[in-house]
Amino acid sequence: MLESTAFSVHLAIDRHPLTVTPDTPVSEAIVLMSQIKSSCAIVVEADKILGIFTERDVVKLTAQSGDREIEPFTQAFSQQPISALMTPRPFILQEAHLPNLVNLLDLLRQKQIRHLPIVDPDEKLLGTITYQSIREIIQPADWMRLRRVVEVMNPKVITASPSASVFELATLMNIHRVSCVAIAQNRPRDDAKRTSELPPLPIPIGIVTERDILQLQALELNLRKLTAADVMSSPLLLVQPTDCLWTAHRLMREYRVRRLIVADEGDALQGIITQTSLLQGCTPIEIDAAIAALQGLVEERTTELQQANEQLRREILERQHTEAALRLSQARLAGVLDSADDAIISIDETHRIQLFNQGAEKIFGYSAAEVMGQPLDLLLPENLRQKHRQYIENFRYTPEVSRTMGTRSHVFGRRKDGSQFPAEASISKLEVGSERLFTVILRDITTRVEAQEALQLQLERERVMSAMRDRIRSSLNLQEILNTTVAEVRQFLNTDRVIIYRFYPDWSGKIVVESCSNGAREILNLTILDPCFGETHAQLYKKGRLKATADIYTEPISPCHRNLLTQFQVKANLVVPILLNEDLQAHSEEDWVENSSGNNNQLWGLLIAHHCQGPRQWQNWETEFLQQLATQVAIAIQQSTLFEQLQAANQELHRLASLDGLTQVANRRCFDEFFNHEWRREAQDPLSLILCDIDYFKPYNDTYGHQAGDECLQRVAAALRECINPKIELIARYGGEEFAAVLPNTDLKNALELAERIRTQVAALQIPHTKSPVSPYITMSVGVATLIPTPETTPAQLIANADEALYVAKAGGRNRVVCA
């Protein structure tokens with residue numbers, strides 16, 4: 001058995017990372033990363049970390065620089081400092097605060113980072129920790145031999161054809177945020193009948209990684225002309241889904257690679273396993289300790305049985321000359337054999353039983369008298385009898401005297417009642433005159449196998465629960481979380497349908513998410529009113545009631561509820577409530593679980609598993625598992641609700657901050673933001689600005705009062721709003737009685753037409769103004785200006801032109817439109 005490493009995470013620190021200054025050109029940093037094979041560069045100044053630049057940034061730049069075909073990539077970025085493109089203020093950690101290995105890996109997963117800068121108490125850079133540096137020093141332990149590639153591989157692999165350009169590969173990596181693209185060729189399926197129904201099989205032939213993109217850019221090659229076939233790593237290192245993690249670990253270390261393609265026996269693409277996923281497959285320490293304890297028990301019992309077997313062999317050899325001596329030896333050993341808990345069975349060359357101790361009687365259920373002289377097949381499952389006979393015959397002609405437990409996988413025995421059980425066995429052979437005897441020491445390992453299966457089940461439950469927690473922490477997309485949850489629960493429980501049912505206030509409800517097998521009826525979005533479900537049942541579920549029905553036709557449920565389940569083909573179901581606790585919206589998950597049965601629970605819905613193939617006896621762990629998931633779903637719902645409320649509040653705050661309180665059109669701040677945004681677009685389209693001023697508004701206020709003045713401003717603002725297209729244009733209160741209209745992609749002719757429409761629309765309001773020298777009604781003077789934003793022009797120039805035009809309109813008699 002391998003021993004776990006006395007692992008110190010401090011050994012995983014790379015004390016000599018690549019560092020650059022903020023003014024280092026991007027092209028120089030890329031060349032340095034390529035030369036020393038570094039996956040990142042730390043940007044420092046005066047021993048302080050300012051940012052980080054990684055291979056993924058290079059791929060992102062490659063995908064975004066598709067129009068740069070004239071000059072090489074590195075030349076295009078030779079004048080741009082790395083400070084402009086780095087990731088600023090990366091997450092850092094002091095060396096003194098480094099957690100243990102399991103927590104460190106969990107931290108990397110939570111932060112979704114692959115490079116962790118390590119600093120001293122003064123935040124001076126000491127080194128970096130990456131998945132690569134961890135993997136380089138970690139020693140393989142038992143979990144690597146127990147876990148399979150399929151358990152940690154990522155089945156979603158981004159693929160491309162050999163003829164795709166390297167630029168297209170970089171674009172794929174950037175879009176899907178992956179570190180590599182598998183190059184694959186399609187092969188038709190062998191089954192001619194299903195060829196038209198299923199897509200061809202992708203066969204991986206190579207791989208292109210982020211590091212390849214970085215090195216090609218450092219060499220200043222044209223990524224649009226290079227194809228995947230020119231640069232891909234080939235031939236590939238492949239592993240199969242059934243290989244253990246130790247095999248993948250060994251290949252990565254031997255060939256110094258960071259990822260392996262997973263393919264089935266026919267070389268069809270199944271997934272990809274990386275150093276990240278390899279480390280994420282780590283088993284908790286207590287699981288390793290449990291396995292070690294089980295293995296220790298096996299070794300201890302094996303030693304005892306080997307000693308008994310050796311003693312038996314010596315006794316038989318000493319009395320090989322006469323049959324009487326052999327019987328005497330068997331009598332002396334009878335006490336030892338009968339005191340053993342394991343089965344000790346001897347057979348002759350015809351495979352007939354000659355010895356059957358009390359341990360064998362207890363294990364198999366036969367008495368010695370019933371089996372003596374009977375063929376060994378009596379104790380073997382029918383489908384394994386020929387295989388066992390062949391094994392003994394092969395062993396008969398080998399030079400080996402014995403084979404101890406553990407040299408082959410476990411076998412199966414058959415009890416008197418017909419039941420089968422797993423066992424470990426050692427075998428030895430002994431020459432007695434002209435006869436050859438075979439002695440088997442067999443141990444029933446049913447308890448150990450059940451413990452291992454329970455351990456694997458617990459690991460899978462923890463995996464599903466951990467994945468659920470990770471999704472809640474990393475996403476606020478409630479629909480995505482719920483869909484993935486029901487899909488994983490259905491697969492894990494191996495049932496026909498899993499749904500989440502949400503209640504309405506009248507206790508009717510709707511099925512909001514569903515995962516069902518091919519043979520099950522789909523009921524997604526179905527609205528259901530169960531007449532048997534009312535306030536009484538709701539109160540029970542609010543208090544945490546769990547309902548496990550093994551058979552709807554035999555258990556005491558109401559006829560109307562049974563009829564409802566029959567419509568959905570349900571034979572058995574498991575129901576747990578989804579409870580939202582209104583007092584714990586901002587508290588921890590531990591508080592949530594502790595108070596899940598309180599009086600302030602809101603019954604949001606139900607998490608339900610349907611079994612349609614027949615009755616099913618639900619296990620306690622299945623109920624507990626579904627209840628734990630319901631708690632996680634409740635947390636996800638609460639978080640999503642809070643997020644939606646926060647978004648709505650933010651939108652309302654933004655609306656209030658952008659509107660003029662009196663006129664309900666955009667305020668000056670909103671005008672500045674919109675105007676500057678349209679100017680910065682640099683779309684080479686004309687941008688027009690209209691400035692409007694109510695003529696002689698001060699005398700109007702003096703004559704009619706400020707309340708009438710406010711009403712006048714409100715009516716004018718409403719008239720201006722009707723003149724523009726609010727989806728692309730903006731009306732704002734510019735100041736006092738002045739208004740402004742920003743008109744993107746509008747030339748001077750159209751701007752003048754809109755300005756005249758504004759002037760006439762205001763005049764048509766016929767708001768009395770007896771003190772106006774130009775009209776008995778409220779009028780407006782309007783200034784119009786148009787510019788095409790260029791590096792040689794400024795926003796202030798357009799505002800000044802419009803303001804000058806407005807001044808000319810006022811000076812020319814008012815109630816008119818003038819353009820700059």
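Just so you know, these numbers come straight off a predicted model, no measurement behind them.
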Hey, are the side chains of [X] and [Y] touching, using non-hydrogen atoms and a 4.5 Å cut-off?
X: L237; Y: V257; result: yes
X: I500; Y: I511; result: no
X: R521; Y: C516; result: no
X: K510; Y: N525; result: yes
X: Q628; Y: T631; result: no
X: R497; Y: Q569; result: yes
X: L93; Y: L107; result: yes
X: L606; Y: I578; result: no

Open item on the list: One thing to verify: whether K60 and E210 come together as a salt bridge, which I'm taking to mean a side-chain N less than 4.0 angstrom from a carboxylate O.
Closed with: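 Looking at K60 together with E210, the answer is no, because their closest N to O distance does not fall below 4.0 Å.
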
- [ ] Using a strict 4.0 Å threshold on nitrogen-to-oxygen distance, state whether E555 and R616 make a salt bridge.
- [x]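 Looking at R616 together with E555, the answer is no, because their closest N to O distance does not fall below 4.0 Å.
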
TODO: Please confirm whether W604 and Y504 have ring centers closer than 6.0 angstrom.
DONE: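 Ring centroids of W604 and Y504 are no less than 6.0 Å from each other.
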
TODO: Assess the side chains of R148 and T242: does a donor N or O sit below 3.5 Å from an acceptor N or O?
DONE: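 No pair is found: no donor N or O on one side chain lies under 3.5 Å from an acceptor on the other.
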
Open item on the list: Assess, by modelled atom type and distance only, whether the side chains of D496 and Q613 contain a donor and an acceptor separated by less than 3.5 Å.
Closed with: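 Judged by distance alone, the side chains do pair up.
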
Atom [atom1] in [X], atom [atom2] in [Y]: separation rounded to 0.5 Å?
X: K542; Y: L603; atom1: NZ; atom2: CG; answer: 7.5 Å
X: W246; Y: L251; atom1: CH2; atom2: CG; answer: 10.5 Å
X: Q491; Y: S517; atom1: CD; atom2: OG; answer: 12.5 Å
X: R109; Y: Y131; atom1: CZ; atom2: OH; answer: 6.0 Å
X: I637; Y: L580; atom1: CD1; atom2: CG; answer: 5.5 Å
X: T130; Y: I113; atom1: OG1; atom2: CD1; answer: 11.0 Å

Open item on the list: Classify the ring geometry of H610 against F568: parallel below 30°, tilted from 30° to 60°, perpendicular beyond 60°.
Closed with: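 Geometry flag for F568 against H610: parallel rings.
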
Measure from the side-chain N and O atoms of [X] to the backbone N and O of [Y], and report whether any donor-acceptor pair falls under 3.5 Å.
X: R187; Y: A268; value: no
X: T566; Y: R562; value: yes
X: E488; Y: T485; value: no
X: E514; Y: L524; value: yes
X: N563; Y: P559; value: yes
X: N483; Y: Q479; value: yes

TODO: Answer yes or no: does atom CG of N620 have more than 12 heavy-atom neighbours from other residues, nucleotides or ligands under 6.0 Å?
DONE: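 At most 12 heavy atoms, drawn from other residues, nucleotides or ligands, come within 6.0 Å of this atom.
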
- [ ] Give a yes or no on this: more than 12 heavy atoms of other residues, nucleotides or ligands lie within 6.0 Å of atom CZ of R177.
- [x]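 No - once you tally the heavy atoms of other residues, nucleotides and ligands closer than 6.0 Å, there are 12 at most.
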
[X] to [Y] - nearest heavy-atom pair and separation:
X: C180; Y: M173; answer: CA-CE, 4.0 Å
X: R258; Y: S39; answer: NH1-CB, 3.8 Å
X: I129; Y: A12; answer: CG1-O, 3.8 Å
X: I557; Y: I552; answer: CD1-O, 3.6 Å
X: T274; Y: M252; answer: C-CE, 3.7 Å
X: Y501; Y: I528; answer: OH-O, 3.0 Å

Open item on the list: One pair to check against side-chain contact (heavy atoms from CB on, under 4.5 Å): I272 and L260. What are the steps and the verdict?
Closed with: CA-CA 6 Å; I272 189 168; L260 296 170; over 6 Å; no

- [ ] Might you work through the side-chain contact (heavy atoms from CB on, under 4.5 Å) test for I203 and N186, ending with a clear yes or no?
- [x] CA-CA 6 Å; I203 307 300; N186 291 330; over 6 Å; no

- [ ] Assess whether side-chain contact (heavy atoms from CB on, under 4.5 Å) is satisfied between K547 and Y541, documenting all intermediate values.
- [x] CA-CA 9 Å; K547 181 65 174 176; Y541 279 112; 3.6 Å; yes

- [ ] Please test T54 against T87 for side-chain contact (heavy atoms from CB on, under 4.5 Å), starting from the C-alpha separation and ending with a verdict.
- [x] CA-CA 9 Å; T54 68; T87 299; over 6 Å; no

